[in-house]
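As structure tokens, the structure follows; a few thoughts come after it.
Within every chain, numbering begins at 1; the chains are lettered A, B, ... in the order of the sequence lines, protein sequences first and strands thereafter.
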Amino acid sequence: MAVILITGGARSGKSKRAEMRTRAFPGQPVYVATAEALDSDMEARIAKHRARRGTDWIEREVPLDLVPALIATDGGGATLVDCLTLWLSNLMHAERDWEREVGELAAALPRLKSPVVFVTNEVGLGIVPDNALARSYRDAAGIMNQIIAEAADEVEFVVAGLPMKLK
Amino acid sequence: MAVILITGGARSGKSKRAEMRTRAFPGQPVYVATAEALDSDMEARIAKHRARRGTDWIEREVPLDLVPALIATDGGGATLVDCLTLWLSNLMHAERDWEREVGELAAALPRLKSPVVFVTNEVGLGIVPDNALARSYRDAAGIMNQIIAEAADEVEFVVAGLPMKLK
Amino acid sequence: MAVILITGGARSGKSKRAEMRTRAFPGQPVYVATAEALDSDMEARIAKHRARRGTDWIEREVPLDLVPALIATDGGGATLVDCLTLWLSNLMHAERDWEREVGELAAALPRLKSPVVFVTNEVGLGIVPDNALARSYRDAAGIMNQIIAEAADEVEFVVAGLPMKLK
């Protein structure tokens, strides 16, 4: 079992890096999208990601119930979860207890047999947002990233497509 | 004398890291909070930080006059200043000459006998803010961080709870 | 030929670092400013940068046509381009095809004889902006930075005036 966390800013090359790391493990890779194709912008972006990574992935759309999804696909190739920050946003939008669910995810990781590669975003390096909801989300994302980084075996911070090893 | 600067984004684990670095020095640690408990949100956050770091710290609330406070507690254990960006914001709000005061802080550091660990924030890695005040603050924070990093013996950049050594 | 990309946040010390790297090459350095002195704020900032770097630079103001400008000054000392994110903003404002122009810049680099040092900004590490134009710009800047980083021989990420080597 290996857990890898790939973090970075918007359009920093995180997903591409995470796809490469996932493919490096043996077996058919699994792609867990936390995004739902709710509008045409999102559909276009999802199609672009799919075109880049190729069609040989098992694909799952998992907006909320990440732990059961990881358990369901466990035992085969590595799973790429793209991305945790969108999952967090889905949890908050659905008024679920995100702190509990992030804790449950961290606790579930050591029990998985297949490698998991997570993509997440750094969102706390700008000015404090005016909007209270954005502030809560920013704080939650920072806390989640610390918890998953602590549970991970490897953590990379990607800037301009280039990874820095944090752990 | 050792001066350590710990920088990073919101909820990146900077304070926790800085507490660990401060405790590693001999003597009773000193906690200099630049925040004032002005509302219940802030009170709750201060209480949470205090619960984490333990009750064996000497505590000071220093929103503005940092150099005299560092001189006053000098000679004992290490001092943790959490955080410089809030101090800067307090100076700007009080219409003090922040550039002069940051320069005075940098100049005072080599004369201290006890180690000092500073926490600061990176706030310049997002989109340029619309608001002129936020832009000025962002610029000032970047300039202050460069000046204190230059004066420091060690600088760490914390992402997802994990430090990268910059100096 | 050497291509160096210096990235970082606002007021992180990127320009100062890039000036130092440019000066380390033999020959008279060339300064390509992508900013135009459109208002007094910008004029003041340009004057400040000029005072720091000294008067022994060949100076060019190039808001849009970067590739011809690099070819025109090629063959002498190193060229500093400060900065790519402003160039991108100028291209978008002029409704030019920025993706094509960034691709042309990357393709032109291996043909240059003189070293080039680029300054760029990381703008994608804050909260997703509300404003659609800011989101497009943020995405474009991330994509451009990946493309130029890929074409560069060296990439540095500057935080608090201190460089981290990415490539």
Can you list the residues of residues 117-140 of chain B that sit under 4.5 Å from chain A, counting heavy atoms only?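 At a heavy-atom separation under 4.5 Å, chain A is reached by B:Glu122, B:Val123, B:Gly124, B:Leu125, B:Gly126, B:Pro129, B:Ala134, B:Tyr137, B:Arg138.
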
Residues of residues 158-167 of chain B contacting chain A, heavy-atom criterion under 4.5 Å, by residue number: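 Within residues 158-167 of chain B, the residues under 4.5 Å from chain A are B:Val159, B:Ala160, B:Gly161, B:Leu162, B:Met164.
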
Could you tell me whether A:Glu101 atom CD has more than 12 heavy atoms of other residues or ligands within 6.0 Å of it?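 Result for CD/A:Glu101: enclosed.
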
